[in-house]
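Sharing a structure with you now.
Whatever order the structure lists them in is the order used to number ligands and atoms, beginning at 1. Below, all heavy atoms of this structure are taken into account, side chains as well, without hydrogens, waters or symmetry copies.
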Amino acid sequence: MALGIYIQIPFCQTKCTYCNFHTGVVSAEKYAPYASAVQSEIANRRSLYAWAGVPASEIETSIVDTVYFGGGTPSLIDPGHLESILAAIRGSFTSDWKEVTLEADPETVTREKAVAWAAAGINRVSFGVQSFNDLELKSSGRMHRREDVYRAAPILRAVGIQNLSFDLIIGLPHQTQDSCRKSLEELIELKPEHVSIYMLEVDEGSRLGRELISLGTKYSAAAVPTDDQMADSYNLARQLLSSAGYEHYEISNWAKPGFASRHNLKYWRREPYLGFGAGAHSFNGTTRWANAHDSAQYVGAIRAGKLPVEQLEAVTVDQAREEEMFLGLRQLAGINLDQFEPCYAAALREKLPPLESVGLIERRGNLIRLAPEKLSISNEVFVELLG
Ligand code: SF4
């Protein structure tokens with residue numbers, strides 16, 4: 001069985017206004033102890049399985065084929081730390097790495113780092129581009145500017161990292177449909193193998209989200225596009241990326257043929273993965289567990305010889321059904337009714353006609369999926385089908 005490993009590096013240079021992740025700005029001297037703690041957690045993983053009642057045999061006989069450094073800003077830390085963590089994985093698991101991804105912010109990329117990343121086995125870089133418009137970047141608190149993307153991408157190509165993914169965000173302050181089109185056109189010109197496009201999330205977890213909820217104007221909240229404008233920009237992205245030869249395979253993800261993210265597909269297909277580091281989640285097919293979010297607490301627990309786990313839950317059949325529905329519909333491949341219905345004793349077919357009649361769901365034989373042009377309003381469908 002194939003296994004994915006996720007490593008969380010929860011450090012950033014500053015906090016972007018829209019960010020709702022558990023990441024922190026800490027002094028660089030905290031990076032080395034954190035990387036050591038991650039290596040210890042990997043080496044001592046069997047004590048967790050024993051404590052949690054997770055059968056270790058299946059995990060231990062799996063082959064790790066994907067590794068993903070996410071954050072935070074993993075490209076911020078010394079590449080030697082990343083290399084040591086990869087060595088710990090190699091020393092603890094049977095490895096046949098097909099895809100080793102590093103999330104990177106464009107301004108952190110140097111030739112020296114890129115050479116070290118490639119030598120350590122990193123073969124894919126996921127760039128937090130977010131926009132090619134400097135006003136949008138600046139008003140969101142991003143550290144990089146448009147020209148950093150143009151500087152960084154060729155550095156990676158030159159050292160042999162030929163699988164690049166670019167993230168864009170729809171809904172940044174000051175974004176218009178014209179500026180969004182310009183960002184998409186520039187992105188397409190740079191020919192990344194993979195593209196992720198996220199809609200701005202408005203919730204209590206970010207400074208901008210709180211400002212929008214309270215109808216304030218700080219953090220350029222008044223310049224955030226409306227929901228309708230965002231939906232139009234999303235549909236524009238679909239058209240431009242499709243014309244440029246990208247396959248839309250998940251609600252937020254497009255890839256050139258053969259470049260869909262092998263690691264992220266594991267999450268969407270509910271396949272097993274292990275996460276190490278502060279706040280990292282793991283799933284073995286039946287049980288989920290998650291580490292403490294606070295990096296100091298995480299390092300403290302590892303140093304004290306304790307498990308850093310904060311949550312552990314056995315996934316119920318109802319949860320599995322909901323997850324499979326939610327994740328399946330987010331993928332353009334859709335859900336196979338002949339497999340889903342008997343597996344979960346669910347009568348989905350009878351809920352479909354009203355959704356089909358208003359064009360929210362497409363059905364071909366035993367396959368259903370969200371209508372591609374309605375993906376930006378997918379929540380309505382989830383509510384109907386899960387109800
Ligand atoms: S770089 Fe990414 S993780 Fe860090 S604060 Fe910005 S959005 Fe959040």
Side-chain angles (χ1 to χ4, degrees), residues 6-28 30-31 34-35 38 68-78 81-82 101-110 113 117 124-146 148-149 151-153 164-175 183 187 192 194-212 218-221 224 230 252-253 261 263-264 275-281 290-291 293-296 298:
Y6 176 86
I7 306 291
Q8 170 72 350
I9 308 290
F11 308 123
C12 291
Q13 299 185 84
T14 55
K15 192 80 179 168
C16 305
T17 63
Y18 59 82
C19 181
N20 55 7
F21 296 152
H22 291 275
T23 60
V25 180
V26 301
S27 73
K30 301 263 169 61
Y31 301 163
Y34 180 83
V38 172
Y68 194 105
F69 287 98
T73 310
S75 58
L76 195 58
I77 72 172
D78 182 338
H81 298 324
L82 304 174
T101 303
L102 177 78
E103 285 185 353
D105 280 358
E107 79 283 6
T108 61
V109 176
T110 63
K113 279 186 179 175
W117 294 338
R124 181 173 186 267
V125 168
S126 174
F127 265 130
V129 174
Q130 320 312 6
S131 167
F132 283 84
N133 180 296
D134 282 350
L135 174 62
E136 293 170 25
L137 292 169
K138 190 168 174 225
S139 59
S140 313
R142 295 292 308 187
M143 291 292 285
H144 75 277
R145 296 293 175 263
R146 170 183 175 274
D148 290 309
V149 183
R151 184 190 58 79
L164 302 184
S165 179
F166 285 8
D167 291 359
L168 289 186
I169 296 180
I170 287 178
L172 291 179
H174 299 290
Q175 191 177 70
S183 284
L187 175 147
H194 187 275
V195 179
S196 299
I197 299 200
Y198 301 108
M199 309 286 263
L200 179 77
E201 286 183 18
V202 178
D203 59 34
E204 294 282 350
S206 72
R207 287 179 290 159
L208 177 57
R210 288 192 291 277
E211 199 62 15
L212 285 163
K218 276 201 275 181
Y219 313 120
S220 305
V224 167
M230 288 193 237
S252 304
N253 290 278
S261 166
H263 184 84
N264 288 339
F276 298 101
H281 287 239
N291 286 346
H293 276 115
D294 183 83
S295 62
Y298 167 81

What's the shortest distance from atom 2 (Fe) of ligand 1 to any protein heavy atom, and which residue and atom give it?
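Heavy-atom neighbour on the protein nearest atom 2 (Fe) of ligand 1: R142 NH1, 4.0 Å.
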Among the protein atoms near atom 8 (Fe) of ligand 1, how many are N, O or S and lie under 2.8 Å away?
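My tally for this metal is 1.
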Closest protein heavy atom to atom 1 (S) of ligand 1, given as residue, atom name and distance to 0.1 Å
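In this structure, atom 1 (S) of ligand 1 has D105 OD2, 3.4 Å as its nearest protein heavy atom.
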When you measure from the side chain of Q175 to the backbone N and O of N133, does any donor-acceptor pair fall under 3.5 Å?
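Absent.
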Look up atom CD1 in I9 and atom OH in Y34, then write down how far apart they are to the nearest 0.5 Å.
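Here the rounded value is 5.5 Å.
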Quick one: does W117's side chain get under 4.5 Å of V109's, heavy atoms only?
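Counting from C-beta outward, W117 and V109 do come under 4.5 Å.
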Let me confirm one number: the CG-NE2 distance from D134 to H144, rounded to the nearest 0.5 Å.
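Answer for the CG-NE2 pair, D134 versus H144, is 8.5 Å.
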Looking only at the side chains, is there a donor atom on one of Y68 and E103 sitting less than 3.5 Å from an acceptor on the other?
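Looking only at side-chain atoms, E103 and Y68 do form a donor-acceptor pair, the distance falling under 3.5 Å.
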Which of the ligand 1 atoms, numbered from 1, are nearer than 4.0 Å to a heavy atom of T14
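Close to T14: 5 (S).
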Can you tell me if K113 uses its side chain to pair, donor with acceptor, with the backbone of S75 under 3.5 Å?
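Yes.
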Test side-chain hydrogen bond (donor to acceptor under 3.5 Å, both in side chains) applied to S220 - qualifying residues, sequence neighbours left out
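Partners of S220 by the side-chain hydrogen bond (donor to acceptor under 3.5 Å, both in side chains) criterion come out as none, since no residue qualifies.
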